[in-house]
Engineer: 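Structure in structure tokens, see below.
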Amino acid sequence: MTTCFRALCCKGPPPARPEYDLVCIGLTGSGKTSLLSKLCSESPENVVSTTGFSIKAVPFQNAILNVKELGGADNIRKYWSRYYQGSQGVIFVLDSASSEDDLETARNELHSALQHPQLCTLPFLILANHQDKPAARSVQEVKKYFELEPLARGKRWILQPCSLDDMDALKDSFSQLINLLEEKDHEAVRM
């Protein structure tokens, strides 16, 4: 009886979930705001493209991700690097069904981010969004076009397909990112 009482009443508060500060970048129209809103269980009808930046706390069972989403318009991208400080990981969202010109711009922006001094050692989650569209490029096509193998060699990165229609796959992608963030935490403790 005592054991049952102790198990029910004396558990104490649940252990605190770690919080990670992330930066989310990608061109306008790639779906950053929609994906983050859906992860936060917000209505997709109220989504408005980000013109500057926004911050969302995205809760997961084992962590809370404080995501600083930066607008992807031409006139805003030049300021992205001002918001990188303090980031522990990067989410890069690309429209896998975009035009060749937009894909080239996204590739250049991703290359810049992967090589930026404040981001180059951080884990990257690269989301090939809009996989539900007929013109969407596969993950293998994106990997080849973006030259990720040679560019990201030695870095921690994940490339995943996604769309708003497949929340399980999206949540799994973020779980993989959380695992990379936890590994980075454990390495810092060992040093």
Side-chain angles (χ1 to χ4, degrees), residues 17 19-74 76-77 80 83 87-110 113-114 122-146 148 152 156-181:
R17 292 182 284 181
E19 292 192 30
Y20 297 103
D21 295 327
L22 307 176
V23 64
C24 179
I25 55 179
L27 303 185
T28 296
S30 61
K32 300 178 301 295
T33 307
S34 297
L35 292 173
L36 292 172
S37 295
K38 188 95 176 205
L39 284 169
C40 291
S41 302
E42 296 172 2
S43 173
E45 290 83 41
N46 301 331
V47 172
V48 178
S49 190
T50 304
T51 54
F53 75 93
S54 71
I55 299 174
K56 288 191 182 297
V58 185
F60 287 90
Q61 188 171 356
N62 57 339
I64 296 172
L65 304 180
N66 297 311
V67 181
K68 193 177 344 176
E69 179 202 347
L70 307 181
D74 240 2
I76 295 173
R77 289 196 306 266
W80 280 358
Y83 295 91
S87 296
Q88 296 169 283
V90 181
I91 303 160
F92 188 92
V93 182
L94 64 99
D95 179 356
S96 61
S98 67
S99 70
E100 288 294 324
D101 288 346
D102 283 348
L103 208 60
E104 179 66 23
T105 303
R107 182 175 95 122
N108 293 336
E109 294 296 346
L110 178 58
L114 282 166
L122 302 180
F124 270 73
L125 171 59
I126 304 162
L127 295 172
N129 195 17
H130 299 143
Q131 289 293 309
D132 52 332
K133 294 184 178 179
R137 291 156 186 92
S138 71
V139 168
Q140 289 305 328
E141 290 172 305
V142 169
K143 185 191 246 180
K144 184 177 179 181
Y145 184 81
F146 277 66
L148 288 173
R156 294 183 189 141
W157 58 278
I158 304 160
L159 171 62
Q160 291 289 340
C162 73
S163 74
L164 287 176
D165 295 339
D166 192 353
M167 285 310 294
D168 290 336
L170 185 62
K171 288 178 181 178
D172 181 59
S173 298
F174 275 84
S175 293
Q176 291 180 51
L177 177 61
I178 291 168
N179 288 340
L180 288 180
L181 292 164

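Please read all numbers here as calculations on a predicted model, not as lab measurements. Positions are given from 1, in the same order as the sequence printed here.
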Engineer: Look up atom CD1 in Ile126 and atom CG in Leu110, then write down how far apart they are to the nearest 0.5 Å.
Structural biologist: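 Those atoms lie 4.5 Å apart.
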
Engineer: Tell me whether Gln88 contacts the main-chain N or O of Asp21 through its side chain, where contact means a donor paired with an acceptor under 3.5 Å.
Structural biologist: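 A pair under 3.5 Å: yes.
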
Engineer: Is there a side-chain contact between Leu122 and Leu22 in this structure, where contact means two heavy atoms from C-beta onward sitting under 4.5 Å apart?
Structural biologist: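 Contact flag for Leu122/Leu22 side chains = no.
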
Engineer: Quick one: pull up CG in Leu180 and CG in Leu125 and give me the separation to the nearest 0.5 Å.
Structural biologist: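 That separation rounds to 9.0 Å.
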
Engineer: With distance as the sole test, does Asn129 use its side chain to make a donor-acceptor pair with the main-chain N or O of Ser30 at under 3.5 Å?
Structural biologist: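 Side chain of Asn129 to backbone of Ser30: a pair is present.
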
Engineer: Is the closest side-chain heavy-atom distance between Thr105 and Asp74 below 4.5 Å?
Structural biologist: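 Contact flag for Thr105/Asp74 side chains = no.
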
Engineer: For a 4.5 angstrom cut-off between non-hydrogen side-chain atoms, does Asp132 reach His130?
Structural biologist: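 In short, these two side chains touch, coming nearer than 4.5 Å.
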
Engineer: Do side-chain atoms of Arg156 reach the backbone of Leu181 as a donor and acceptor pair under 3.5 angstrom?
Structural biologist: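 No, Arg156 side chain to Leu181 backbone: no donor-acceptor pair under 3.5 Å.
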
Engineer: Do Glu141 and Ser96 have side-chain heavy atoms sitting under 4.5 Å apart?
Structural biologist: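 When only atoms from C-beta onward are counted, Ser96 and Glu141 do not touch, as no gap falls below 4.5 Å.
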
Engineer: Report the distance from atom CG of Leu170 to atom CG of Leu164, rounding to the nearest 0.5 Å.
Structural biologist: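 Leu170 atom CG to Leu164 atom CG measures 8.0 Å (nearest 0.5 Å).
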
Engineer: Applying side chain to side chain contact (heavy atoms under 4.5 Å, CB included), run through Leu103 and Phe146 and close with a yes or a no.
Structural biologist: CA-CA 9 Å; Leu103 208 60; Phe146 277 66; 3.8 Å; yes

Engineer: Main chain of Gly26, side chain of Lys32: is a donor-acceptor contact present, judged purely on distance under 3.5 Å?
Structural biologist: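 Present.
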
Engineer: So, taking the atom named CG in Leu127 and the one named SG in Cys24, what distance separates them when rounded to the nearest 0.5 Å?
Structural biologist: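 With rounding to 0.5 Å, CG (Leu127) is 7.5 Å from SG (Cys24).
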
Engineer: With a 3.5 Å distance limit and no angle check, can you tell me whether Trp80 reaches the backbone of Gly71 through a side-chain donor-acceptor pair?
Structural biologist: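 Between the backbone of Gly71 and the side chain of Trp80 there is a qualifying donor-acceptor contact (under 3.5 Å).
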
Engineer: Without swapping roles, check the side chain of Lys68 against the backbone of Tyr83 for a donor-acceptor pair under 3.5 Å.
Structural biologist: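 Here the side-chain-to-backbone pair exists.
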
Engineer: Over all heavy atoms of both residues, which pair between Pro161 and Val139 is shortest? Give the atoms and the distance, please.
Structural biologist: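 Reported closest heavy-atom pair: CD-CG2, 3.3 Å.
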
Engineer: Would you please test Gln131 and Asp166 for side chain to side chain contact (heavy atoms under 4.5 Å, CB included) and show each step?
Structural biologist: CA-CA 9 Å; Gln131 289 293 309; Asp166 192 353; over 6 Å; no

Engineer: Can you check side chain to side chain contact (heavy atoms under 4.5 Å, CB included) on Ile158 and Ser173, steps first, answer last?
Structural biologist: CA-CA 8 Å; Ile158 304 160; Ser173 298; 5.8 Å; no

Engineer: For a quick test of reading the model, state the closest non-hydrogen atom pair linking Lys56 to Leu36 and the distance between them.
Structural biologist: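 The pair with the smallest heavy-atom distance is CD-CB, 3.9 Å.
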
Engineer: Closest heavy-atom contact between Ala106 and Phe92?
Structural biologist: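 Between these two residues, the closest heavy atoms are O-CZ, 3.4 Å.
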
Engineer: Can you measure from CD (Glu69) to OG (Ser49) and round to the nearest 0.5 angstrom?
Structural biologist: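 The OG atom of Ser49 is 7.5 Å from CD of Glu69, to the nearest 0.5 Å.
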
Engineer: Where do Thr28 and Ala73 come nearest, in terms of heavy atoms and distance?
Structural biologist: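 Taking Thr28 first and Ala73 second, the nearest heavy atoms are OG1-N, 2.9 Å.
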
Engineer: State plainly whether the residues Arg107 and Glu100 are in salt-bridge range, i.e. N to O under 4.0 Å.
Structural biologist: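 Answer for the salt bridge query: no.
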
Engineer: Would you compute the distance between atom CD of Gln176 and atom NZ of Lys171 and round it to the nearest 0.5 angstrom?
Structural biologist: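 Going from the CD atom of Gln176 to the NZ atom of Lys171 covers 15.0 Å.
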
Engineer: For Phe124 and Leu177, work out which heavy atoms get closest and say how close.
Structural biologist: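 Scanning both residues completely, I find the closest heavy atoms to be C-CD1, 4.5 Å.
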
Engineer: Where do Phe60 and Leu39 land on the side chain to side chain contact (heavy atoms under 4.5 Å, CB included) test, with the steps shown first?
Structural biologist: CA-CA 9 Å; Phe60 287 90; Leu39 284 169; 4.2 Å; yes

Engineer: In the structure I gave you, are the side-chain heavy atoms of Ile76 and Leu70 within less than 4.5 Å of one another anywhere?
Structural biologist: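 Result no, sub-4.5 Å side-chain heavy-atom pair not found.
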
Engineer: How close do Gly29 and Asp95 get, heavy atom to heavy atom, and via which atoms?
Structural biologist: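 Closest heavy-atom pair between Gly29 and Asp95: O-OD2, 4.0 Å.
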
